[in-house]
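Because the structure is a prediction, the values reported are computed rather than measured. Here is the naming used below: chain letters follow the sequence lines, and residue numbers restart at 1 for every chain.
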Amino acid sequence: MPKITIDGIECEVADGLNVIEAAKTIGIHIPHFCYHPALSLVGQCRMCLIELDPIPKLQTACSTFVKDGMVIRTNTEKVIKARKAIMEFLLINHPLDCPECDQAGECDLQNNSFEFGQGFSRFEEQKRTYSRDIPVGEKLVRIQDRCIHCTRCIRFFREIVQNEVMTYQWRGNNTAMTPLEQDGRRLDTNYSGNMHELCPCGALTLKDFRFKTRPWNLANTESVCPLCSTGCNIFIDHKQRKIFRIRPRVNMDVNTWWICDFGRIDFGYAHSETRIAGPRVKGADADWKTALDTAAGLLKTTGASATAILCSADATNEEALLVKKLAAALGCSAASLPAPGVDPLEMEDHLLLRADKAANTQGLKALGIVPDPALADKLSGGAIKTLLLINPFNKQLAAALDGVRDAVAKIPNLVVLDHNETDFSKAAAVVLPGAVWAEKNGTFTNYKGLVQRINQAFAPAGKARGDFDILLALAQGAGADIACKTHIDAYNEIRDDLLKLEAQIKKDIEALQKAAAEAEKA
Amino acid sequence: MEFSPEAMKEVEKLLSRYPIKEAALLPLLHIAQREFGHVSLEAEAYVASLLDLPAPRVHGVSTFYTMYNKKPVGKYHVQVCTNISCSLMGAEHIVKCLEKKLGIKPGQTTADGKFTLSEVECLGSCGTAPVMQINDDYYEDLTEAKIDQILGGLK
Amino acid sequence: MAEIMKVVTRNMDVPDQHTIAVAMQNGAYEQLKKALEMTPDAIIEEVKKSGLRGRGGAGFPAGLKWSFVPKQAPKPKYMCVNADEGEPGTFKDRVIMSKDPHLLVEGILIACYAIGIRDAYIYIRGEFVEPANILQKAIDEAYEKGFIGENILGKDFTCHITVHRGAGAYVCGEETGLIESLEGKRGQPRLKPPFPAVVGAFQGPTVVNNVETLANVPRIFEHGADWFAAIGVEKNSGTRLFGISGHVNKPGVYELPMGTPIRELIELAGGVRGGRKIKAVVPGGSSAPALTPDQLDTQMSFDALGAIGSMGGSGGVIVMDETTNLVCVLTRLLEFYAHESCGQCTPCREGVAWLKKIMQRIRRGQGKIEDIDLMLEVAGNIMGNTLCPLGDAAAMPTRGFLTKFRAEFEAFIKSGANAEGTPMAGEGAVQVSVPAAE
């Protein structure tokens, strides 16, 4: 480990770090725009200039890698002057339209200007301008006037998405970052939304988020994306019980810096008009007590062999535990349905998207709720008279139910617990309105067994309740004696099982990777 | 949009000269300009397909270099150097003469499509300033009389 | 007065010297034969001993540059010949390539043998169509004669030479911009390190040498390093092809020993036209800060010009007589650099265009005295902070003109004259009377 000195502070840092990252480890911030740890080094913005003994010229911190004995200065007059100069250069053509820019408040250009700039401009000439508000596909809006030429967008699409839809046009002071749809390329990649975080200045912003609110008015809840088994770490940014956007949360073990656009944009179902408004019994609105009592009663009427619980893999681990306990109390089976050809490990692309479109397939597996191929036959054959169907709104469960749709709708004692209406909820004897993931606390186990916490951003909409509480009430109504009254209690009960699974999956994945590597060699 | 068989032969020969295909991009864009008159978005995409490159990358390259005409130019592309050495020797006057004789301003093409007039940066012929380049050829030590003679010789 | 010394240009007046038959009658490829009998190390030593410095602009010792290339490299090594002659005021390499291409080819081959290179690319600016054709023909002839290709002269030495045309970008004269362009990319200079000698073209170790530099190599082997080192002045050995343009009676390329005073070159070129006085002289291409008339006894060497705050650069000398309007000159220069900035790094992309806009405003007659200090500060903020030397190349002449000729710029601003669209010099140029210095 090289020993270096930064601003007089001696420290030992990891091998292979550049000076920006090395300085970060001791709490020194070196401002930068073009540098991003995931992208190739270009050293273009020149904002990270530092003094490096004994070189007379300032050096870019991003492209200077630590060596034993290095002496770096980030706070000298020369560095401060250079930063002021770079900020002045970056702002001479920038429109300074922060009052109407969505990036304001979380803008590198704004923040660095505030911290390192000089607060006035000596530029009196005509600014460089372009036509504004150019759509980049369906998801992004481009305002080239604001662009500071960091080229992160170009490098991101080239190096990370591996689909070059952004390129340069012209050169010099006229250089523009230009989206191009040529040779069959579509501007909308599955990862375009990441520009929202990558662009340091509001030149590329999210269409969905335009003019909606200011980022500082949003609460940020740490959560996990439920849309596939990758389990990308996210922030739910919300205000007044409404999600405004989803952003990636860096987790180098899962999603690194990115999320896909589905995870970023497809949260509309949380606030859709098809949210189940309240509990119903035989199609009529009911109060919660009546609905829960009726449901608990129904579940006990037809005997264990004619009763089943069918659960989507969007249930949290804690909810899954209660499903198990409810099934035990009823003596019936709790299962999911096999989604054809879905392997939690299977990738849909080279980045993040997985074929398994449920959040917690592995968690349910750890708790013994696995696909039951025989269940489909029982459902279509009419052997099941009582069914607790949890979250058929989940696309994967919906697809699995496709062949038995009519049969299930005809089950006399159909109890549906879900957050959005489906054909099943409309046909159900009892409907229990549950919560979407943003309204829940609990854990998901991702494709590789990593147990990740989701936090409640806001309470369930309207009369809806948390699935955990609903399942707890049903289990108690079915006569089960349940010690775990909260999701924390539940987690503590299953923790060891989940960790065991994580270790097992890790081993399995390593074996698979080894086999794949050997196959490639051969 | 396709290259002629002769041009394709040239392409093949070019590809054999470089360790990577991409390196043949500048020469291929020169060929595209010769074959198609200018380098359009379609021409960029065609060249991209010949080199297995993403077309947007080719666009980035073709717009970087000033010799690739993004719009059609006249049969004769008259490019007058107006950099220091030529301007010291009266390049402005040469441009004005050409403007008058051709009836167009720099950046424009005559109505008959014969001439396009451009001002360009240093052509590397400062000892014989003022200088202009028409298509591939240099014309040096320019005077008003010489311009008449040169333009008169272009059919 | 200085005398022309024909080393590189020795055979350039010989009719048909560009053909291999005539060139060989004049000794072409004899030095290659000699060099192939030597060890590569001995060749590099000889070049080092000669003191040959790069003729492109920076004046870096050529032998040293060659010795930086690792002997054993996992990737193939490459030679890039910089024939992108684009620095305003420079027009010497075009002469070499057009008149005596075999001299260049021979130099390339000797260098490649010494460094262990099998592939050389001559990156020639796109506008030079005719020189490129002449060069290509010469290369084809040399292939036929077995001087280029597999097992050259029956030795274990294989070398291929390819002419690669640029397409209009001054920045490709910067060695890593050139390499990027050769690879088919935008000519945006690379972040250094790594330097080309370690990672250059196609990821391989690469030497980038100027045309004139390589054209000197056969002469060094013909007459010996000591002979070469004795020409010129200390640490600036050999001759240079000085291209003189602007307001002289006989502009052109003059080969003179390094260190010849500028005044003598101007005299050789027939003096200033119309017997006028000199106002300013650019000594080494447009990036070199201009000299005042009292500096004309300066020797034209890398070190002497460096010592007075200018540079030897590309050897392009531009003479401006007393009728020259320096406001027009600096505006035009900044228009050029802004046009040629690649645009990747902030100070050059934004700063040079800013300087250009200020100068254009001054030229329109809307300048303010404070603009001069602002420009000096902006130029200072560009200097040393850019990714490649182009930013400096714009900032240096800006600072040069504005400090040395400040009185003229101030007088122009005060006069309120509008010089847009007027000639830069001579009849019709906007003249302002500059108060005599106190």
Restricting to non-hydrogen atoms, name the atom on C:Phe128 and the atom on B:Gly124 that form the minimum distance, rounded to 0.1 Å. CZ-O, 3.8 Å

Just wondering, do B:Thr82 and C:Phe336 contact through their side chains at under 4.5 Å, heavy atoms? no

So CG of B:Asn83 and OH of C:Tyr170: to nearest 0.5 Å the spacing works out to 10.0 Å

A side-chain contact here means heavy atoms from C-beta on lying under 4.5 Å apart; do C:Met320 and B:Leu88 qualify? yes

Are any of the side-chain heavy atoms of B:Pro27 and C:His164 separated by less than 4.5 Å? yes

Pair C:Arg332 + B:Glu92, salt bridge at N-O below 4.0 Å: no

At a 4.5 Å cut-off on heavy atoms, which part of C:Val171 comes close to chain B: side chain, backbone, both, or neither? side chain

Atom group of B:Val120 that falls short of 4.5 Å from chain C, counting heavy atoms: backbone

Contact class of C:Ile179 relative to chain B, heavy atoms under 4.5 angstrom: neither

Can you establish whether the number of heavy atoms outside B:Lys114 located under 6.0 Å from its atom NZ is more than 12? yes

Can you say whether C:Cys342 sits under 4.5 Å from chain B via the side chain, the backbone, both, or neither, judging by heavy atoms? both

Passes side chain to side chain contact (heavy atoms under 4.5 Å, CB included), C:Lys185 versus B:Arg57? Steps please. CA-CA 8 Å; C:Lys185 301 174 189 151; B:Arg57 195 188 301 184; 5.9 Å; no

Looking only at B:Asn135, B:Leu29, B:Leu123, B:Leu14, most heavy-atom pairs under 4.5 Å shared with chain C are made by B:Leu123

First locate atom CG of C:Leu333, then atom OG of B:Ser87, and finally report the distance between them rounded to the nearest 0.5 Å. 10.0 Å

Could you check whether any side-chain heavy atom of B:Tyr65 comes within less than 4.5 Å of a side-chain heavy atom of C:Ser181, counting everything from C-beta outward? yes

Would a 4.5 Å heavy-atom cut-off, applied to side chains only, mark C:Glu127 and B:Glu121 as touching? no

So for B:Lys96, is it side chain, backbone, both, or neither that comes closer than 4.5 Å to the heavy atoms of chain C? side chain

For the candidates C:Ala425, C:Gly187, C:Gly246, C:Gly86, which exhibits the highest count of non-hydrogen atom pairs separated by less than 4.5 Å from chain B? C:Gly187

Return the option, out of C:Ala167, C:Gly252, C:Gly168, with the maximum number of heavy-atom pairs under 4.5 Å with chain B. C:Ala167

If you count heavy-atom pairs under 4.5 Å between each of C:Lys250, C:Arg125, C:Glu340, C:Gln188 and chain B, which one has the most? C:Arg125

Sub-3.5 Å donor-acceptor pair from the side chain of B:His30 to the main-chain atoms of C:Gly166, do we have one? yes

Select, from B:Ala91, B:Cys81, B:Ala24, B:Ala23, the one with the greatest count of heavy-atom pairs under 4.5 Å involving chain C. B:Ala23

Would the number of heavy atoms belonging to other residues, nucleotides or ligands and lying under 6.0 Å from NZ of C:Lys99 be above 12? no

Heavy atoms, side chains only, cut-off 4.5 Å: are C:Glu183 and B:Tyr18 in contact? no

Could you check which of B:Ser62, B:Cys86, B:Gly60, B:Gly90 has the highest count of heavy-atom pairs closer than 4.5 Å to chain C? B:Gly60

Stepwise, does the side chain to side chain contact (heavy atoms under 4.5 Å, CB included) test hold for C:His160 with B:Arg17? CA-CA 9 Å; C:His160 295 280; B:Arg17 305 298 304 191; 3.9 Å; yes

Let me see the working for C:Met424 and B:Met89 under side chain to side chain contact (heavy atoms under 4.5 Å, CB included), right down to the final yes or no. CA-CA 8 Å; C:Met424 191 178 279; B:Met89 299 302 285; over 6 Å; no

Heavy-atom contact with chain B under 4.5 Å, split by part of C:Leu182: both

With chain B as the partner, which of C:Glu87, C:Arg165, C:Lys92 has the greatest number of non-hydrogen pairs under 4.5 Å? C:Arg165

Where does C:Thr90 contact chain B at under 4.5 Å (heavy atoms): side chain, backbone, both or neither? backbone

Is B:Leu26 close to C:Tyr123 at the side-chain level, that is, under 4.5 Å between some pair of heavy atoms? yes

If you count heavy-atom pairs within less than 4.5 Å of chain B, which of C:Glu427, C:His339, C:Glu130 leads? C:His339

Leading residue by heavy atom contact count with chain B [cutoff under 4.5 Å; candidates C:His247, C:Glu85, C:Arg273]: C:His247

For C:Arg94 and B:Glu140, what are the C-alpha separation, side-chain angles and deciding distance, and is it a salt bridge (charged side-chain N to carboxylate O under 4.0 Å, His left out)? CA-CA 14 Å; C:Arg94 175 176 172 228; B:Glu140 307 172 39; 2.8 Å; yes

At a 4.5 Å cut-off on heavy atoms, which part of B:Gln133 comes close to chain C: side chain, backbone, both, or neither? side chain

Shortest non-hydrogen contact between B:Cys122 and C:Gly89, atoms and distance: SG-N, 4.2 Å

Any side-chain heavy-atom pair from B:Ser85 and C:Phe91 closer than 4.5 angstrom? no

